[in-house]
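The structure under discussion appears below in the form of structure tokens.
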Amino acid sequence: MGGYNHREIEPKWQNYWDENQLHMTTNDPSKPKFYCLDMFPYPSGSGLHVGHWRGYVLSDVWSRYKTLQGYQVLHPMGWDAFGLPAENDAIAKGIHPRISTERNIINFKRQLQEIGAMYDWSREIDTTDPKYYKWTQWIFLQMYKHGLAYRKEMPINFCPSCLTGLANEEVVGGVCERCGTQVEKKMLKQWMLKITEYADRLLDSLKTLDWPEKVLKMQESWIGRSEGADVKFSIADSTKSITVFTTRVDTLFGATYLVLAPEHELVNEITNSDRTAAVQDYINEALTKSAVERMASKEKTGVFTGAYGINPVNGEKIPIWVSDYVLIDYGSGAIMAVPAHDERDFEFADRFNISIIPVIATDDGNIPELPYEEEGRLINSDLYNNLSSDKARKVILKDLEKKGLAKRAVQYKMRDWVFSRQRYWGEPIPIIHCPACGEVPVPESELPVMLPDVENYQPTGTGESPLAAIDDWVNTTCPLCGENAKRETNTMPQWAGSCWYFLRYVDPDNDKELADPQKIKYWTPVDLYVGGVEHAVLHLLYSRFYTMFLKDIGIVDYEEPFTRLFNQGMITKDSIKMSKSKGNVVNPDELVQHYGADSLRLYELFIGPPEVDSEWMDSGIEGVYRFIQRLWNLFERSLEQLPQPTQESEKRRNRLIATITERIESFKLNTVVSAFMEFINDAGERLDKKSLETLVVLLAPMTPHLAEELWRKLGYEQSVFQAKWPKADPKMLVVDEVIVAVQVNGKTRATVKVAVDAEESQVSDAAVNIPSVKNSLAGKQVVKTIFVPGRIINFVVR
RNA sequence: GCCGAAGUGGUGGAAUUGGUAGACACGCACGACUCAAAAUCGUGUGGGCUAGCCCCAUGAGGGUUCGACUCCCUCCUUCGGCACCA
């Protein structure tokens, strides 16, 4: 007999699991499978803090729970190891990113092993391993061959600090998501992935996902589908025309001017000669402004081109302006402006004295205050007057369609994905540029295109990556004609490796294909995906896109990679996110040392509802540590002299099974812990053997080391994870006595203990005799009695 | 500005087809053990007063209901997302 000593038992069982390979994924096709995946981390130099652990504990609890339920569980871990921090480190200290990455991985792995997580390390993957990125490049080639990867000269978001182009998704509020520097627009020839081709599929199949509402909403609004029409405005005294996209065809009669984005290709062509100087000045100014400056300017700016368009519904001549409030990369880069019914147009028209014609009245026929953006009834619209907005849209569109002046159109906010980075530490894009043959994909047999060593990691900032300086790597021969050619020197973004990694875990060493089709079929898609909500759009959208593409080329047979998603909340300290720079990081290593991994695991669960942010309190872990000790002592006491099970203990035991199972299933893991605490508090001096056994198995997913130790104390020779998750006997869950609340006019005056199936009259008789109830009823007349069996009885009195 | 989530003791939180608000834990107080402390164990702990068979109380105000943390309306605060997307 001795006190609870985690320092002894935790290493012991970790070694045991290791030696007996208990965390290796089994291969028994007769069993149902469960694929439980963590978002793999970027192995940073700062190591893991208790906030990171929350998700890992959660997924581990589920993996162990499913194992106990007889599932064959795949629970792997790996490294999303390409990325800027390692590269910036390399620039600053001259350490090769591979060296620092390897060092960081060792530390991460040690920490993960210390929580006792049941990862199958034989399946560990690393996105920077050529054996892995060979397939990242392979997927790119397939996309290229299917016309989904293309190169385009375009103004992209460029971070002057990271010296690389960024995807739209990586720009948050006009600044670089990574370093917070204001991004600039820069014309660069970029590799793009045609994610917009999948826009509708990405939107539609959101419906099929068991994901947090919030994430679904974010993806939906990111994709930003809107339905409307392309309407053609011919240009007066010209053969050209301007097409605009609008969702409000019903307001066409109110269109009093047109606006082109400064970058619009027709601007120069249509500008009147006497306006050329003014227009040029305006464009030059607009183009040098950053995105932030463009948005920040309070006042609308613009310039008249001197040209006029013809409104297709009434033949009116309306002026054509240029303004930077129209975006070149949405719709056609041109709009029809309806100042009466659009706030932005109103502001602009007001400033430049352009006429404002209301064409929508409220449903009761009043002309509302302008700008009025709601729908209503048409006015000033010729033969369409009096139609509702909805009806008018259909009719006007139909009439214009007949004349070939409009057609139904759909636009998305989502843009194609800027896929190239001018950085070193990423997957080389497997393309060769040949003066004669043009872009030539590297033959699949020559993959991977290895990332060469360089002497200088410094980005050039010229639109070329540091790879461009390595002549013997860049210079190669064309796979088609054999003549001298050059390699593509851009690399892929960090997201590339994480788009498909869930597939690689099922067959990580395969060098013939991405993964064995049988294994893909058996294990994927992922049943439960656990990670932070910060990836709600970026990673999860890209990964869904990749999966749909892989379905189209026959690699997988489903559209969605992650059936169920769970976002764990952040753990804060002093109400702010933990970070090294804020100096508020709680290091798990010391806590493991002091309280043990089981206590830390338990506190990570107990701290609060797993999906919401929770504040870290050092005293909190004390509480669960004490609980574990009380539990341990209860075991020791009980084993000295085991009592026999009683009807009462059996009921409590079965109720515990039901409660714990239900709460794990519904992810109420904080209340799982409190259920155990209540059980122990009610247990009395000793527990019978059956109760102890049940308790140990139920605890095993949460506190695996402790459970394994106690399982041996109960006389078992095998791992507790070979045991079966118990099932509650429904007969034992029925209660025969309940406490019923007695209310008078809805106020609880007393409680009364009655048989569960007691009739109203019985409860009523017992209730009215309770002094406090009697007093409340005195001198009053009971007009109504509400009786909810097993819950309340309420006397309504007057 | 638009969309969404949340607001419960000193603290973290529990309670949902509307039915005893505050489980469980932290903290605190008192007691036991001890020379003492720590640890441990036990008891108490939403607020108020006139101390009861009382009143008030789930961000504020209203509503529905026999009964509201829970449903509806208005507002406040905090957090998250989007933001000149036509």
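Each chain gets a letter, A, B and so on, in the order its sequence line appears, and its residues count up from 1.
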For [N] and [X] - does any side-chain N or O of the residue sit under 4.0 Å from the phosphate oxygens OP1/OP2?
X        : N     : result
A:Tyr325 : B:A86 : no
A:Arg630 : B:A25 : yes
A:Asn681 : B:A25 : yes
A:Arg626 : B:A39 : no
A:Asn670 : B:A14 : yes
A:Arg749 : B:G67 : no
A:Lys753 : B:U20 : no
A:Ser619 : B:A25 : no
A:Thr748 : B:A21 : yes

Does any nucleotide pair with [N] by Watson-Crick or G-U wobble geometry, both distances under 3.5 Å, and what is it?
N     : answer
B:C35 : none
B:C53 : none
B:G18 : none
B:G27 : B:U45
B:C79 : B:G4
B:G67 : none

If I take atom [atom1] in residue [X] and atom [atom2] in nucleotide [N], what distance separates them, rounded to the nearest angstrom?
X        : N     : atom1 : atom2 : result
A:Ile607 : B:C24 : CD1   : P     : 20 Å
A:Glu374 : B:A86 : CD    : P     : 15 Å
A:Glu622 : B:C26 : CD    : C1'   : 10 Å
A:Tyr603 : B:C26 : OH    : P     : 11 Å
A:Met570 : B:C79 : CE    : C1'   : 10 Å
A:Leu631 : B:C24 : CG    : P     : 17 Å
A:Asp613 : B:G81 : CG    : C1'   : 14 Å
A:Leu327 : B:A83 : CG    : C1'   : 11 Å

- Query: Taking the side chain of A:Lys747 as its heavy atoms from C-beta onward, which of B:G81, B:A86, B:C56 lies nearest to it?
  - Reply: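 Nearest to the side chain of A:Lys747 among the choices is B:C56.
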- Task: Name the closest nucleotide to the A:Lys668 side chain, picking from B:A15, B:A86, B:C84.
- Result: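 Minimum distance to the A:Lys668 side chain belongs to B:A15.
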- Are the aromatic ring centres of A:Tyr603 and A:Tyr625 under 6.0 angstrom apart?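 When the ring centroids of A:Tyr603 and A:Tyr625 are compared, they turn out to be at least 6.0 Å apart.
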- Task: Please work out if A:Asp342 contacts a base, only the sugar-phosphate, or nothing of the nucleic acid, heavy-atom cut-off 4.0 Å.
- Result: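 Nothing, no nucleic acid heavy atom in range.
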- Task: Remember a base hit wins even if backbone is also touched, and classify A:Phe606 as base, sugar-phosphate or nothing at under 4.0 Å, heavy atoms.
- Result: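 The answer is base, as A:Phe606 lies within the cut-off (heavy atoms under 4.0 Å) of a base atom.
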- Query: Quick one: does A:Tyr282's side chain have a donor or acceptor within less than 3.5 Å of a partner on A:Thr301's backbone?
  - Reply: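 Yes.
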- Message: Donor-acceptor check, side chain of A:Thr748 to backbone of A:Ala750, threshold 3.5 angstrom: yes or no?
- Response: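 Such a contact is absent between A:Thr748 side chain and A:Ala750 backbone.
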- Answer yes or no: side-chain N or O of A:Glu213 and base N or O of B:G4 forming a donor-acceptor pair under 3.5 Å.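 Such a pair does not exist between side chain and base.
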- Query: Can a donor-acceptor pair under 3.5 Å be found between the side-chain atoms of A:Lys300 and the base atoms of B:C84?
  - Reply: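 Yes, a donor-acceptor pair under 3.5 Å.
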- Glycosidic conformation of B:G4, syn or anti, with 90° from 0 as the boundary?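 Base orientation: anti.
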- Query: Any chance the side chains of A:Tyr330 and A:Ser226 put a donor and an acceptor closer than 3.5 Å?
  - Reply: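 Their side chains do contain a donor-acceptor pair, which is all the 3.5 Å distance test asks for.
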